[in-house]
Amino acid sequence: MKYSALKGIQDILPPDIHIWQKVEFTALEIFRKYGFQEIRLPIIESTDIFIRSIGETTDIVEKEMYTFPDKAGRSITMRPEGTAPAVRCYVEHHLYNLPSPQKFFYSGPMFRYERPQKGRFRQFYQIGVEAFGVSHSSMDAEIISMLRNLLEGIGLKEVNFEINSIGCDKCRPDYRNALLNFFKSRLSDFCPDCQRRYELNPLRILDCKVERCIELRQGAPLVTDHLCSECREHFDELIFRLQTLKIPYTLNPNLVRGLDYYTRTAFEVTSEHLGAQKAVAAGGRYDKLVEEFGGPQTPAIGFAIGMERIVTLLKETWTEDHPAPKVFIATLGKEAEIEGFKIAEDLRAKGLWVEPNYGGASLKSQLRKADRIDAEFAFIIGENELKAGKVQWKNLKKSEQGEVEIKNILTLLT
RNA sequence: GUGGGCGUAGCUCAAGGGCAGAGCACUGGACUGUGGCUCCAGUGGUUGCGGGUUCGAGCCCCGUCGCCCACCCCA
């Protein structure tokens with residue numbers, strides 16, 4: 001093989017593309033009902049918007065970004081996620097002057113230089129939504145409900161909604177200290193990764209998969225026991241709303257977020273039908289980020305859907321037929337071929353998918369092709385039909401055949 | 001970045017150190033202008049790449065590249 005796509009970067013072909021389009025179309029329809037409007041964001045941005053927002057010490061920033069200097073020496077990064085560009089856009093265009101809330105969605109590729117594995121690629125697609133300007137938990141409940149409706153709308157079953165609150169900059173430091181205190185005495189028993197997490201991001205220890213670490217962290221303080229009264233109230237209200245809407249959820253006090261900008265509500269949708277990378281969507285609040293980007297104090301919340309993972313799940317149960325032509329036109333001889341070409345154009349003008357035979361071949365091979373591409377009808381046009389102004393039609397699904405005058409073709413097909 | 005598994009025809013996979021094969025797909029024929037089913041034939045390979053051991057390597061050894069899975073991290 002002389003050339004192939006880069007590691008972790010893949011082509012998306014039919015028939016997969018039909019599943020992608022179904023997800024995108026459904027999302028469009030559902031977002032419209034919730035007043036989320038599309039924005040199109042650049043794929044490359046100034047590097048610092050990601051460093052500032054995602055966090056300097058995260059793996060994404062430290063080793064996973066596609067960063068390069070442009071011709072003028074400016075540091076450019078291919079977006080590893082969508083929230084930072086969305087916030088940059090919101091602030092840059094002073095969208096906070098428009099009536100609040102402002103609700104947006106976007107979709108497109110993200111880039112992270114990681115080792116590929118199941119459900120993880122270097123170029124991967126997300127649909128993201130962001131809602132700016134509402135701190136009340138009714139907004140949290142709304143977007144979680146919207147996400148559920150979307151997943152239901154595309155026919156995704158057996159997913160778990162996990163939610164948590166990770167507090168705000170008022171209460172999280174207290175919780176962090178409580179955690180550090182708890183782990184301090186037995187730190188040397190934890191795995192090397194956790195010892196590193198202790199320094200870098202102790203909340204992540206709660207997330208460790210090593211058996212020994214899971215045992216050791218039994219009895220660790222829970223973030224939900226350390227929330228300040230405002231965060232507590234916000235979280236309780238969200239849970240109440242979810243119950244009102246009968247949205248099934250699991251409280252997971254060990255659910256943490258990898259990106260630094262999150263506050264309060266954190267949630268994740270997972271599936272057991274994927275590999276280790278089982279999150280199909282995730283999101284949360286980021287009430288401080290707009291300010292950090294130089295905008296006014298503006299609460300916000302959003303989530304992102306991992307397209308490849310959704311498509312993987314949908315493929316398991318996909319039963320829809322692939323799109324197929326209505327008519328294949330088989331012809332014999334040059335004159336018939338030209339007549340067939342004209343008929344194809346006429347039928348297309350009426351909205352039908354028609355495949356001509358592009359030159360000549362034996363009738364047998366033309367019909368074989370009609371069968372292979374799953375056409376519903378085959379038309380046969382030869383000298384006899386030309387003279388009579390008719391075509392032979394053949395319904396390939398029902399194995400029926402007959403003759404029809406060219407001017408009456410449409411009534412046959414509808 | 002770390003660990004494990006796997007690289008043979010377009011696809012799925014065989015081949016005990018001894019002639020590189022099958023099924024599917026593709027093209028044609030049986031059937032002169034009628035698809036699917038069946039039968040027959042044909043096209044298609046530097047066995048990922050490079051080196052080594054051997055009379056002889058798809059197979060054993062070393063290196064390298066690629067893919068997959070897991071860790072880290074994350075949608």
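Note on naming: letters A, B, ... go to the chains in the order of the sequence lines (proteins, then strands), and numbering restarts at 1 for each one.
The phosphate of B/U34 has neither OP1 nor OP2 within less than 4.0 Å of any side-chain N or O from A/Lys364.
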Do any side-chain atoms of residues 145-158 of chain A form donor-acceptor pairs under 3.5 angstrom with protein atoms, and if so which ones, sequence neighbours left out?
| residue | atom | partner | partner atom | Å |
| --- | --- | --- | --- | --- |
| A/Asn149 | ND2 | A/Tyr34 | OH | 2.7 |
| A/Asn149 | ND2 | A/Ser145 | O | 3.4 |
| A/Glu158 | OE1 | A/His273 | NE2 | 2.8 |

Which atom pairs, one a donor and one an acceptor, fall under 3.5 Å between side chains of residues 276-286 of chain A and the rest of the protein, sequence neighbours left out?
| residue | atom | partner | partner atom | Å |
| --- | --- | --- | --- | --- |
| A/Gln277 | OE1 | A/Arg120 | NH2 | 3.4 |
| A/Arg285 | NE | A/Asp140 | OD1 | 3.1 |
| A/Arg285 | NE | A/Asp140 | OD2 | 3.0 |
| A/Arg285 | NE | A/His234 | NE2 | 3.3 |
| A/Arg285 | NH1 | A/Val134 | O | 3.2 |
| A/Arg285 | NH1 | A/Asp287 | OD1 | 2.8 |
| A/Arg285 | NH2 | A/Val134 | O | 3.0 |
| A/Arg285 | NH2 | A/Ser135 | O | 3.3 |
| A/Arg285 | NH2 | A/His136 | O | 3.4 |
| A/Arg285 | NH2 | A/Asp140 | OD1 | 2.7 |
| A/Tyr286 | OH | A/Glu130 | OE1 | 2.4 |

Detail all sub-3.5 Å separations between protein N/O atoms and N/O atoms belonging to nucleotides 24-28 of chain B.
| residue | atom | partner | partner atom | Å |
| --- | --- | --- | --- | --- |
| B/A25 | O3' | A/Arg372 | NH1 | 3.4 |
| B/C26 | OP1 | A/Arg372 | NE | 2.7 |
| B/C26 | OP1 | A/Arg372 | NH1 | 2.1 |
| B/G28 | OP2 | A/Arg368 | NH2 | 3.3 |

N/O to N/O distances under 3.5 Å, protein versus nucleotides 3-5 of chain B:
| residue | atom | partner | partner atom | Å |
| --- | --- | --- | --- | --- |
| B/G3 | O6 | A/Arg115 | NH2 | 3.4 |

For nucleotides 43-47 of chain B, give me every protein contact, N/O to N/O, under 3.5 Å, one pair per line with atom names.
none

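Taking A/Phe25 as the reference, nothing meets the ring pair (Phe, Tyr, Trp, His ring centres under 6.0 Å) condition, with sequence neighbours excluded. Residues satisfying the ring pair (Phe, Tyr, Trp, His ring centres under 6.0 Å) test with A/Phe105, not counting sequence neighbours, are A/Phe31. For A/Gln126, there are no side chain to side chain donor-acceptor pair (under 3.5 Å) partners two or more places apart in sequence or in a different chain.
For the segment residues 117-126 of chain A, the set of residues with a heavy atom within less than 4.0 Å of an atom of RNA chain B comprises A/Gln117, A/Lys118, A/Gly119, A/Arg120, A/Phe121, A/Phe124, A/Gln126, in numerical order. Listed by residue number, the members of residues 151-165 of chain A with any heavy atom below 4.0 angstrom from RNA chain B form an empty set. Using a 4.0 Å cut-off on heavy atoms, the residues of residues 385-414 of chain A that approach RNA chain B are A/Glu385, A/Gln392, A/Lys394, A/Leu396, A/Ser399, A/Gln401, listed by number.
You'll find the ring centres of A/Phe190 and A/Phe183 inside the 6.0 Å limit.
Paired regions of RNA chain B, where each region holds three or more successive Watson-Crick or G-U pairs whose two hydrogen-bonding distances fall under 3.5 Å, are B:1-7 with B:65-71, B:10-13 with B:21-24, B:26-30 with B:38-42, B:48-52 with B:60-64.
Note on A/Arg196: only backbone sugar-phosphate atoms sit closer than 4.0 angstrom, heavy atoms only; bases stay farther off.
For the pair A/Phe104 and A/Tyr90, the minimum side-chain heavy-atom distance is below 4.5 Å.
No hydrogens or angles were tested; on distance alone, a donor-acceptor pair under 3.5 Å links the side chain of A/Asp371 to the base of B/G35.
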